[in-house]
Chemist: 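Below is the structure I would like to discuss, written out as structure tokens.
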Amino acid sequence: MTVDWGQVFAGRVSGMGASEIRELLKLLERPEIISFAGGIPDPDFFPTAAIARAYEKIFQSNAGAGGALQYTISEGYTPLREWICAYMGRHGIEAGLDEVLVTSGSQQALEFVGKLLIGPGDKVVVTRPTYLGALQAFSPYEPHYLSVPGDAEGPDLVALEAALEQKPKFLYLVPDFQNPNGTTITLARREAILDLCAKHGVPVVEDAAYTELRYDGERVPPLAALDAARNGGKLTNVIFCGSFSKTMVPAFRVGWINGPAEVINRLVLMKQAGDLHTSTINQIVLHDVVSEIFDNHLRHLRTKYKERRDAMLSALEQFAPAGVRWTKPEGGMFVWIELPEGTDGVALLARAIQDANVAFVPGSAFHADRSGKNTLRLSFSNNNPERIREGIRRLCGLLETVAA
């Protein structure tokens, strides 16, 4: 008798699904495709010289090399956690070492949060749309999603309170330049969200992957900073998830969680069971690099990505047919497209690849209930302005035929 693996798998496996984005990244290998699909940084902007210097320092010292190649503590490389504590302090959060855990990217942070907080059937509040990777991280723990609509200022407060009244485990938000739609929650809306969550005793999970990529407008304090200001400088009701993937390099797989010590203590146990610790040498190299170039490198990224965002918005203004609407983000990597009702983004993608050599992510992937079929996410981060303009011209030409 052979094993029927479908009967052996745990029930949670049914909540796992393939990422549309992971599949679409394969298209990057085809040079004829102009891909607006993957929300990935441009490798031309990676700080390779600083990284090479950091590795050279390690291997010039036998003692340094030995430590860098060894196991380390699950909490993370102490100098890097100290740097993270100082970074959080710059933004108004008094973070101690016992309140910071280094993770293998912010994706692991989200997966750990799901494992820590979600049981089968527990309610989780997300926005509509929300980050696909968060849905993938949470879904294996079998939650029931409560999707809250919003506007340009953030989640609708009436709908949010109705969801919070159902006693969810947490509210998940990407407050700055949200993946996928590029919107930023206003200060007034953030304060109101914290008021409602405190009223109902619901924690907030803040995903800050794009916070440092602001090109226009005034910086808005993180939800974590607003929470800390209400509670003597310490995080009380917010779990903050940070990442170096968008600001430095994704291949290091280094992110972090800052939260109340009692939360971090439990997450450390998960880290020990999961992968023991994030790569020691990657943490050491990253600490050296951010200590040397972080602020200057961010200024360079903001200049370059702003040019690309502007190129996409300008091309949409010129080429988009009537009935197409889009967001105008102040930062991040994404523009969100809303097409006329009845348009199917998945079917459009197939035509776009075949007829126009253009790729994007259908918007339904970012909806927990798989709605939003007439929406698309476009990323402007990994193409130069000329290629962006040509890709938008091709896509809008296709949209003209769809609307006709």
Side-chain angles (χ1 to χ4, degrees), residues 15 17 110 113-208 220-231 235-241 259-260 263 325 327 336 338 341 363-375 377:
L110 295 176
V113 167
K115 185 182 293 185
L116 179 68
L117 300 180
I118 304 171
D122 284 342
K123 298 179 178 68
V124 172
V125 183
V126 296
T127 55
R128 187 168 65 233
T130 191
Y131 172 46
L132 170 60
L135 296 176
Q136 286 190 293
F138 302 152
S139 290
Y141 302 105
E142 304 174 77
H144 173 69
Y145 291 112
L146 303 174
S147 296
V148 175
D151 55 28
E153 296 187 3
D156 178 86
L157 296 177
V158 174
L160 176 60
E161 180 151 35
L164 295 175
E165 287 172 348
Q166 298 186 50
K167 302 186 183 305
K169 283 300 189 75
F170 61 88
L171 164 64
Y172 169 75
L173 292 173
V174 186
D176 297 307
F177 326 119
Q178 188 202 36
N179 183 355
N181 63 5
T183 59
T184 295
I185 302 175
T186 63
L187 177 58
R189 194 71 60 93
R190 293 182 194 214
E191 295 280 16
I193 289 168
L194 290 176
D195 288 342
L196 290 175
C197 287
K199 173 183 174 182
H200 293 281
V202 176
V204 179
V205 176
E206 178 174 18
D207 186 343
V220 185
L223 287 159
L226 299 174
D227 176 56
R230 298 171 175 217
N231 296 286
L235 286 184
T236 303
N237 298 331
V238 174
I239 298 172
F240 181 96
C241 301
V263 172
R325 296 186 294 176
T327 57
W336 184 247
E338 184 175 337
E341 287 291 340
S364 58
F366 303 96
H367 291 73
D369 59 4
R370 306 301 290 186
S371 61
K373 293 185 181 299
N374 65 318
T375 57
R377 191 197 73 175

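Both backbone and side-chain heavy atoms feed into the values below; hydrogens, waters and symmetry mates do not.
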Chemist: Can you name the ring pair (Phe, Tyr, Trp, His ring centres under 6.0 Å) partners of Phe138, sequence neighbours left out?
Modeler: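 By the ring pair (Phe, Tyr, Trp, His ring centres under 6.0 Å) rule, Phe138 matches Phe170, Tyr172.
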Chemist: Between Arg128 and Ser371, what is the shortest heavy-atom contact and its length?
Modeler: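 Scanning both residues completely, I find the closest heavy atoms to be CD-OG, 3.7 Å.
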Chemist: Quick one: does Thr327's side chain have a donor or acceptor within less than 3.5 Å of a partner on Asn181's backbone?
Modeler: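 Side chain of Thr327 to backbone of Asn181, a donor-acceptor pair under 3.5 Å: yes, one is there.
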Chemist: Val220 and Ile185: which non-hydrogen atoms are nearest, and at how many Å?
Modeler: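 That closest heavy-atom pairing would be CG1-O, 4.0 Å.
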Chemist: Would you please name every residue forming a salt bridge (Lys or Arg N to Asp or Glu O under 4.0 Å) with Asp176, sequence neighbours left out?
Modeler: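 Counting only residues at least two positions away or on another chain, Asp176 forms a salt bridge (Lys or Arg N to Asp or Glu O under 4.0 Å) with Arg190.
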Chemist: Indicate the atoms forming the closest heavy-atom contact of Ala224 with Glu206, along with that distance.
Modeler: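 So the minimum-distance heavy-atom pair works out to N-OE1, 2.8 Å.
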Chemist: With sequence neighbours left out, write down each residue that passes side-chain hydrogen bond (donor to acceptor under 3.5 Å, both in side chains) with Glu338, or none if nothing qualifies.
Modeler: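 side-chain hydrogen bond (donor to acceptor under 3.5 Å, both in side chains) list for Glu338, sorted by chain: Arg325.
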Chemist: Among all residues two or more places apart in sequence or in another chain, which pass the salt bridge (Lys or Arg N to Asp or Glu O under 4.0 Å) test with Asp151?
Modeler: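 Here the qualifying residues are Arg189.
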Chemist: Can you see which heavy atom on Leu160 is nearest to which on Val125, and at what distance?
Modeler: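 Of all heavy-atom pairs spanning Leu160 and Val125, the closest is CD1-CG1, 4.1 Å.
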Chemist: According to side-chain contact (heavy atoms from CB on, under 4.5 Å), who are the partners of Tyr141, at least two apart in sequence or on a separate chain?
Modeler: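 Applying side-chain contact (heavy atoms from CB on, under 4.5 Å) to Tyr141 gives Glu111, Lys115, Ile118.
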Chemist: Name every donor-acceptor pair, under 3.5 Å, that has one atom in a side chain of residues 162-169 and the other anywhere in the protein, sequence neighbours excluded.
Modeler:
| from | atom 1 | to | atom 2 | distance (Å) |
| --- | --- | --- | --- | --- |
| Lys169 | NZ | Leu117 | O | 2.8 |
| Lys169 | NZ | Asp122 | OD2 | 2.9 |

Chemist: In sequence, state the C-alpha distance, the side-chain angles, and the governing distance for Phe366 and Thr375, and then conclude on side-chain contact (heavy atoms from CB on, under 4.5 Å).
Modeler: CA-CA 10 Å; Phe366 303 96; Thr375 57; over 6 Å; no
